[in-house]
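Working notes, structure below.
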Amino acid sequence: MVEKTEKIWMDGKFVNFDEANVHLLTHTMHYGLGVFEGIRCYHCHDGRSAIFRLREHVDRLFNSAKIAFMEIPYSREEIAEACKETLRVNGLKEGYIRPLAWIGQGVMGLYPGDNPVRTAIIVWPWGAYLGEEGLQKGIRVKISSFTRGHVNSSMSKAKICGNYVNSVLAKREVIKMGYDEAILMDTEGYVSEGSGENIFIIKDGLLKTTPLTSILGGITRYAVMSIARDLGYDVAEERFTRDELYCTDEVFFTGTAAEITPVREVDDRIIGPGQRGPITKELQDAFFDVVKGKNTKYEGWLSYL
Ligand SMILES: *Cc1c(COP(=O)(O)O)cnc(C)c1O
(Lines give C-alpha, C1' and ligand atoms only; values in the text may rest on other atoms or scores of the structure.)
Protein backbone atom coordinates (compact mmCIF):
# COMPACT_ATOMS: atom_id res chain seq x y z
CA MET A 1 0.00 0.00 0.00
CA VAL A 2 1.16 3.54 -0.69
CA GLU A 3 2.42 5.04 2.52
CA LYS A 4 0.32 7.98 3.62
CA THR A 5 2.04 11.36 3.58
CA GLU A 6 0.99 14.65 5.08
CA LYS A 7 0.11 16.67 1.97
CA ILE A 8 -0.65 16.41 -1.73
CA TRP A 9 -0.14 19.31 -4.13
CA MET A 10 -3.45 19.82 -5.93
CA ASP A 11 -4.19 22.62 -8.40
CA GLY A 12 -1.54 24.89 -6.95
CA LYS A 13 -2.02 24.36 -3.24
CA PHE A 14 -1.32 21.76 -0.60
CA VAL A 15 -4.25 19.73 0.65
CA ASN A 16 -4.36 17.05 3.33
CA PHE A 17 -3.72 13.52 2.06
CA ASP A 18 -7.26 12.34 2.88
CA GLU A 19 -8.85 15.37 1.25
CA ALA A 20 -7.18 15.00 -2.15
CA ASN A 21 -10.31 13.67 -3.86
CA VAL A 22 -12.12 14.18 -7.18
CA HIS A 23 -15.72 13.92 -8.34
CA LEU A 24 -17.05 10.74 -10.00
CA LEU A 25 -17.81 12.75 -13.12
CA THR A 26 -14.09 13.39 -13.67
CA HIS A 27 -13.76 12.94 -17.44
CA THR A 28 -10.42 11.11 -17.24
CA MET A 29 -11.88 8.49 -14.94
CA HIS A 30 -14.34 7.47 -17.64
CA TYR A 31 -12.26 7.76 -20.80
CA GLY A 32 -8.60 7.64 -19.73
CA LEU A 33 -7.28 10.83 -21.28
CA GLY A 34 -4.90 12.12 -18.65
CA VAL A 35 -1.11 12.27 -18.42
CA PHE A 36 1.39 11.50 -15.71
CA GLU A 37 5.05 11.19 -14.82
CA GLY A 38 7.15 9.00 -12.56
CA ILE A 39 10.21 10.64 -11.03
CA ARG A 40 12.62 9.58 -8.31
CA CYS A 41 14.42 11.55 -5.65
CA TYR A 42 17.46 9.96 -4.03
CA HIS A 43 19.10 10.55 -0.67
CA CYS A 44 22.66 11.32 -1.75
CA HIS A 45 25.92 10.24 -0.15
CA ASP A 46 26.53 13.77 1.18
CA GLY A 47 23.19 13.88 3.02
CA ARG A 48 21.42 16.07 0.46
CA SER A 49 18.48 14.92 -1.65
CA ALA A 50 18.48 15.11 -5.44
CA ILE A 51 15.73 14.59 -8.01
CA PHE A 52 17.04 12.65 -11.01
CA ARG A 53 16.58 14.43 -14.37
CA LEU A 54 13.72 16.61 -13.13
CA ARG A 55 13.78 18.92 -16.15
CA GLU A 56 13.55 16.00 -18.59
CA HIS A 57 10.61 14.51 -16.69
CA VAL A 58 8.76 17.83 -16.60
CA ASP A 59 9.43 18.33 -20.32
CA ARG A 60 8.06 14.87 -21.03
CA LEU A 61 4.94 15.61 -18.96
CA PHE A 62 4.29 18.67 -21.12
CA ASN A 63 4.96 16.70 -24.29
CA SER A 64 2.54 14.01 -23.13
CA ALA A 65 -0.03 16.78 -22.53
CA LYS A 66 0.64 18.20 -26.00
CA ILE A 67 0.07 14.78 -27.59
CA ALA A 68 -3.11 14.41 -25.50
CA PHE A 69 -4.36 17.88 -26.50
CA MET A 70 -4.37 19.04 -22.89
CA GLU A 71 -3.20 22.39 -21.64
CA ILE A 72 -1.58 22.17 -18.19
CA PRO A 73 -2.37 25.52 -16.53
CA TYR A 74 1.12 25.92 -14.98
CA SER A 75 4.57 26.61 -16.36
CA ARG A 76 7.28 23.97 -16.46
CA GLU A 77 9.17 25.90 -13.79
CA GLU A 78 6.11 25.93 -11.52
CA ILE A 79 5.65 22.16 -11.85
CA ALA A 80 9.37 21.48 -11.27
CA GLU A 81 9.36 23.69 -8.18
CA ALA A 82 6.13 22.09 -6.92
CA CYS A 83 7.76 18.63 -7.19
CA LYS A 84 10.57 19.81 -4.91
CA GLU A 85 8.21 21.59 -2.54
CA THR A 86 5.96 18.52 -2.17
CA LEU A 87 8.95 16.46 -1.03
CA ARG A 88 10.04 19.20 1.38
CA VAL A 89 6.55 19.70 2.87
CA ASN A 90 6.30 15.97 3.54
CA GLY A 91 9.81 15.73 4.95
CA LEU A 92 10.78 13.08 2.41
CA LYS A 93 14.52 12.70 1.77
CA GLU A 94 13.99 10.03 -0.85
CA GLY A 95 11.00 8.80 -2.77
CA TYR A 96 8.83 8.64 -5.84
CA ILE A 97 7.09 11.67 -7.34
CA ARG A 98 3.90 11.30 -9.36
CA PRO A 99 2.70 14.40 -11.22
CA LEU A 100 -0.72 13.79 -12.78
CA ALA A 101 -2.83 16.00 -15.02
CA TRP A 102 -6.41 15.06 -15.78
CA ILE A 103 -9.58 16.40 -17.31
CA GLY A 104 -12.05 17.33 -14.62
CA GLN A 105 -15.78 17.49 -14.26
CA GLY A 106 -18.08 19.40 -16.63
CA VAL A 107 -19.58 17.83 -19.71
CA MET A 108 -19.71 14.08 -20.30
CA GLY A 109 -19.32 12.24 -23.59
CA LEU A 110 -16.08 11.76 -25.45
CA TYR A 111 -15.58 15.40 -26.34
CA PRO A 112 -14.25 16.98 -23.15
CA GLY A 113 -15.43 20.49 -24.07
CA ASP A 114 -14.07 23.12 -21.74
CA ASN A 115 -13.72 20.84 -18.73
CA PRO A 116 -10.82 22.09 -16.60
CA VAL A 117 -7.40 20.46 -16.81
CA ARG A 118 -6.44 19.72 -13.22
CA THR A 119 -3.02 18.91 -11.83
CA ALA A 120 -1.67 17.11 -8.79
CA ILE A 121 1.68 16.00 -7.43
CA ILE A 122 1.81 13.08 -5.06
CA VAL A 123 4.97 11.76 -3.38
CA TRP A 124 5.58 8.59 -1.43
CA PRO A 125 8.45 6.41 -0.25
CA TRP A 126 9.03 3.62 -2.79
CA GLY A 127 11.76 1.00 -2.67
CA ALA A 128 12.81 -1.30 -5.50
CA TYR A 129 9.77 -1.66 -7.83
CA LEU A 130 10.54 -5.26 -8.75
CA GLY A 131 11.90 -6.15 -5.33
CA GLU A 132 15.29 -5.76 -3.67
CA GLU A 133 15.98 -9.40 -4.50
CA GLY A 134 15.09 -8.73 -8.13
CA LEU A 135 17.72 -5.98 -8.28
CA GLN A 136 20.36 -8.37 -6.95
CA LYS A 137 19.41 -11.69 -8.50
CA GLY A 138 17.28 -10.87 -11.50
CA ILE A 139 13.61 -11.54 -12.21
CA ARG A 140 11.58 -14.05 -14.22
CA VAL A 141 9.64 -12.59 -17.11
CA LYS A 142 7.15 -13.85 -19.66
CA ILE A 143 6.16 -12.56 -23.05
CA SER A 144 2.57 -11.43 -22.81
CA SER A 145 -0.21 -12.56 -25.10
CA PHE A 146 -1.14 -8.86 -25.31
CA THR A 147 0.61 -6.83 -28.01
CA ARG A 148 1.85 -3.27 -27.44
CA GLY A 149 -0.55 -0.88 -29.18
CA HIS A 150 0.06 0.11 -32.78
CA VAL A 151 2.09 3.31 -33.06
CA ASN A 152 -0.87 5.04 -34.63
CA SER A 153 -3.34 4.11 -31.94
CA SER A 154 -1.54 4.20 -28.61
CA MET A 155 0.72 7.27 -28.75
CA SER A 156 3.41 5.37 -26.89
CA LYS A 157 5.64 8.45 -26.47
CA ALA A 158 3.15 9.86 -24.01
CA LYS A 159 2.49 8.61 -20.52
CA ILE A 160 -1.27 8.75 -21.13
CA CYS A 161 -3.37 7.10 -18.40
CA GLY A 162 -5.49 5.05 -20.83
CA ASN A 163 -2.42 3.57 -22.54
CA TYR A 164 -1.73 1.63 -19.37
CA VAL A 165 -4.77 -0.63 -19.71
CA ASN A 166 -2.59 -2.62 -22.14
CA SER A 167 0.27 -2.75 -19.60
CA VAL A 168 -1.95 -3.68 -16.65
CA LEU A 169 -3.58 -6.52 -18.62
CA ALA A 170 -0.14 -7.82 -19.62
CA LYS A 171 1.19 -7.58 -16.08
CA ARG A 172 -1.83 -9.27 -14.47
CA GLU A 173 -1.68 -12.09 -16.99
CA VAL A 174 1.94 -12.99 -16.26
CA ILE A 175 1.72 -12.45 -12.49
CA LYS A 176 -1.19 -14.92 -12.41
CA MET A 177 1.10 -17.40 -14.15
CA GLY A 178 3.79 -16.91 -11.50
CA TYR A 179 6.21 -14.55 -13.29
CA ASP A 180 7.46 -11.18 -12.07
CA GLU A 181 7.00 -8.98 -15.13
CA ALA A 182 5.73 -9.00 -18.72
CA ILE A 183 7.41 -8.23 -22.02
CA LEU A 184 5.18 -7.01 -24.83
CA MET A 185 5.86 -7.46 -28.53
CA ASP A 186 5.12 -4.76 -31.09
CA THR A 187 2.48 -5.17 -33.79
CA GLU A 188 5.10 -6.55 -36.19
CA GLY A 189 6.18 -9.22 -33.73
CA TYR A 190 9.46 -7.71 -32.52
CA VAL A 191 10.28 -7.18 -28.86
CA SER A 192 8.92 -3.83 -27.64
CA GLU A 193 9.35 -3.33 -23.87
CA GLY A 194 8.17 -4.34 -20.40
CA SER A 195 4.82 -3.24 -18.97
CA GLY A 196 6.50 -0.11 -17.59
CA GLU A 197 10.18 -0.55 -18.43
CA ASN A 198 12.44 -0.38 -21.45
CA ILE A 199 14.55 -3.42 -22.29
CA PHE A 200 18.23 -3.98 -23.11
CA ILE A 201 20.02 -7.13 -24.21
CA ILE A 202 23.78 -7.78 -24.18
CA LYS A 203 25.53 -10.24 -26.48
CA ASP A 204 29.32 -10.51 -26.70
CA GLY A 205 29.71 -7.15 -24.94
CA LEU A 206 27.40 -5.28 -27.33
CA LEU A 207 24.31 -3.63 -25.87
CA LYS A 208 21.10 -3.44 -27.84
CA THR A 209 17.86 -1.70 -26.99
CA THR A 210 14.65 -1.35 -28.98
CA PRO A 211 14.38 1.80 -31.12
CA LEU A 212 11.91 4.59 -30.34
CA THR A 213 8.98 3.22 -32.31
CA SER A 214 6.49 1.36 -30.16
CA ILE A 215 8.15 2.21 -26.83
CA LEU A 216 8.02 5.02 -24.32
CA GLY A 217 11.27 6.97 -24.58
CA GLY A 218 12.58 6.25 -21.11
CA ILE A 219 14.77 8.77 -19.35
CA THR A 220 16.52 5.90 -17.57
CA ARG A 221 17.07 4.29 -20.98
CA TYR A 222 18.88 7.43 -22.22
CA ALA A 223 20.88 7.65 -19.00
CA VAL A 224 21.97 4.01 -19.26
CA MET A 225 22.91 4.45 -22.93
CA SER A 226 25.17 7.40 -21.99
CA ILE A 227 26.70 5.67 -18.98
CA ALA A 228 27.36 2.49 -20.98
CA ARG A 229 29.03 4.43 -23.81
CA ASP A 230 31.19 6.25 -21.26
CA LEU A 231 32.25 2.89 -19.86
CA GLY A 232 33.39 1.93 -23.38
CA TYR A 233 30.45 -0.20 -24.53
CA ASP A 234 28.75 0.08 -27.89
CA VAL A 235 24.99 0.56 -27.70
CA ALA A 236 22.77 -0.06 -30.71
CA GLU A 237 19.12 0.96 -31.03
CA GLU A 238 17.85 -1.94 -33.10
CA ARG A 239 14.84 -4.20 -33.26
CA PHE A 240 15.29 -7.75 -32.08
CA THR A 241 13.16 -10.89 -31.92
CA ARG A 242 12.08 -13.11 -29.07
CA ASP A 243 14.46 -15.90 -30.09
CA GLU A 244 17.38 -13.46 -30.06
CA LEU A 245 16.27 -12.48 -26.56
CA TYR A 246 16.28 -16.14 -25.42
CA CYS A 247 19.88 -16.67 -26.58
CA THR A 248 21.48 -13.47 -25.37
CA ASP A 249 24.07 -13.24 -22.54
CA GLU A 250 22.32 -10.67 -20.34
CA VAL A 251 18.95 -8.93 -20.27
CA PHE A 252 17.84 -6.03 -18.09
CA PHE A 253 14.96 -3.57 -17.73
CA THR A 254 15.31 0.17 -17.17
CA GLY A 255 12.79 2.61 -15.74
CA THR A 256 12.41 5.19 -13.02
CA ALA A 257 10.50 2.70 -10.89
CA ALA A 258 12.48 -0.41 -11.94
CA GLU A 259 15.86 1.43 -12.04
CA ILE A 260 18.10 -1.25 -13.61
CA THR A 261 16.55 -4.66 -12.97
CA PRO A 262 18.29 -7.76 -14.31
CA VAL A 263 16.22 -10.45 -16.03
CA ARG A 264 17.34 -14.01 -15.35
CA GLU A 265 14.64 -15.95 -17.20
CA VAL A 266 12.43 -15.28 -20.22
CA ASP A 267 9.58 -17.72 -20.98
CA ASP A 268 11.33 -20.33 -18.80
CA ARG A 269 14.57 -20.08 -20.78
CA ILE A 270 17.53 -19.32 -18.50
CA ILE A 271 19.39 -16.19 -19.65
CA GLY A 272 23.18 -16.54 -19.59
CA PRO A 273 24.23 -17.98 -16.23
CA GLY A 274 20.73 -17.50 -14.73
CA GLN A 275 21.69 -14.61 -12.48
CA ARG A 276 22.60 -10.94 -12.77
CA GLY A 277 25.27 -10.62 -15.49
CA PRO A 278 28.61 -8.82 -15.00
CA ILE A 279 27.90 -5.91 -17.37
CA THR A 280 24.44 -5.42 -15.85
CA LYS A 281 26.11 -5.24 -12.43
CA GLU A 282 28.70 -2.75 -13.68
CA LEU A 283 25.93 -0.55 -15.14
CA GLN A 284 23.84 -0.78 -11.96
CA ASP A 285 26.80 0.29 -9.81
CA ALA A 286 27.57 3.18 -12.14
CA PHE A 287 23.89 4.21 -12.27
CA PHE A 288 23.48 4.24 -8.48
CA ASP A 289 26.68 6.27 -8.15
CA VAL A 290 25.25 8.82 -10.59
CA VAL A 291 21.81 9.14 -8.95
CA LYS A 292 23.37 9.42 -5.50
CA GLY A 293 25.71 12.21 -6.58
CA LYS A 294 28.93 10.22 -6.38
CA ASN A 295 29.93 10.88 -9.98
CA THR A 296 30.56 14.59 -10.54
CA LYS A 297 30.56 14.12 -14.30
CA TYR A 298 26.77 13.77 -14.18
CA GLU A 299 26.00 16.49 -11.63
CA GLY A 300 23.95 18.24 -14.31
CA TRP A 301 21.43 15.40 -14.12
CA LEU A 302 20.60 16.14 -10.49
CA SER A 303 18.32 18.81 -9.03
CA TYR A 304 19.12 19.17 -5.35
CA LEU A 305 16.25 20.04 -3.01
C1 LIG B 1 7.67 5.27 -17.79
C2 LIG B 1 7.86 4.11 -18.70
C3 LIG B 1 9.13 3.59 -19.00
C4 LIG B 1 10.39 4.08 -18.32
O5 LIG B 1 10.66 5.42 -18.53
P6 LIG B 1 11.60 6.20 -17.53
O7 LIG B 1 11.64 7.57 -18.07
O8 LIG B 1 12.92 5.53 -17.57
O9 LIG B 1 10.97 6.11 -16.18
C10 LIG B 1 9.21 2.59 -19.94
N11 LIG B 1 8.13 2.08 -20.53
C12 LIG B 1 6.88 2.51 -20.25
C13 LIG B 1 5.71 1.91 -20.93
C14 LIG B 1 6.72 3.53 -19.31
O15 LIG B 1 5.49 3.96 -19.02
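Keep in mind it's a predicted model, so treat the numbers as computed, not measured. First listed ligand is number 1; within each ligand, the first listed atom is number 1. Start at 1 with the first residue, then count along the sequence.
Taking every non-hydrogen atom of Arg148 and a distance limit under 4.0 Å, the qualifying atoms of ligand 1 come out as 13 (C). Of all atoms in ligand 1, listed by their number and element, those nearer than 4.0 Å to a heavy atom of Gly218 are 5 (O), 6 (P), 7 (O), 8 (O). Applying the 4.0 Å criterion to heavy atoms of Asn198 picks out, from ligand 1, the atoms 10 (C). Residue Glu197 approaches ligand 1 through these ligand atoms, each under 4.0 Å from one of its heavy atoms: 10 (C), 11 (N). Annotation for ligand 1: atoms under 4.0 Å from non-hydrogen atoms of Tyr164 are 13 (C), 14 (C), 15 (O).
Aromatic ring pairs are classed by plane angle as parallel below 30°, tilted from 30° to 60° and perpendicular above 60°; the pair Tyr96 and Trp124 is tilted.
By the criterion of side-chain heavy atoms lying less than 4.5 angstrom apart, applied directly or through intervening Ile, Leu, Val, Met, Phe, Trp or Tyr residues, Leu135 is grouped together with Val224 in one hydrophobic cluster. Residues Tyr304 and Val290 share a single hydrophobic cluster, defined by chaining ILVMFWY side chains whose heavy atoms lie under 4.5 Å apart. Ile175 and Ile139 fall into different hydrophobic clusters, defined by Ile, Leu, Val, Met, Phe, Trp and Tyr side-chain heavy atoms under 4.5 Å apart, directly or through other members.
A side chain to side chain contact (heavy atoms under 4.5 Å, CB included) with Ile199 holds for exactly one of Leu184, Val191, Val141; it is Val191.
When the salt bridge (Lys or Arg N to Asp or Glu O under 4.0 Å) test is applied to Glu250, no partner is found at least two apart in sequence or on another chain.
For the residue pair Glu193 / Asn198, a side-chain donor-acceptor distance below 3.5 Å is found, with atom types taken as modelled. At a cut-off of 3.5 Å, with distance as the only test, no side-chain donor of Thr261 or Glu197 sits close to an acceptor on the other residue.
For atom 8 (O) of ligand 1, the nearest non-hydrogen atom from the set Asn166, Ile160, Leu216, Thr220 belongs to Thr220. When Arg221, Glu37, Glu193, Arg40 are ranked by how near their heavy atoms come to atom 13 (C) of ligand 1, first place goes to Glu193.
On a distance-only criterion, Arg60 and ligand 1 share at least one N/O pair closer than 3.5 Å. Residue-to-ligand polar distances place Thr256 within reach of ligand 1: an N/O pair is separated by less than 3.5 Å. The shortest N or O to N or O distance between Thr254 and ligand 1 is not under 3.5 Å. Considering backbone and side-chain N/O atoms, Ser195 never comes within less than 3.5 Å of an N/O atom of ligand 1.
Within the structure, ligand 1 lacks Gly38 among the residues with a heavy atom less than 4.0 angstrom away.
When all heavy atoms of Gly138 and Arg264 are compared, the pair lying nearest together is O-NE, 3.1 Å.
Nearest protein heavy-atom contact of atom 3 (C) of ligand 1 is Gly196 O, 3.5 Å. From the protein, the heavy atom lying nearest to atom 1 (C) of ligand 1 is Lys159 NZ, 1.3 Å.
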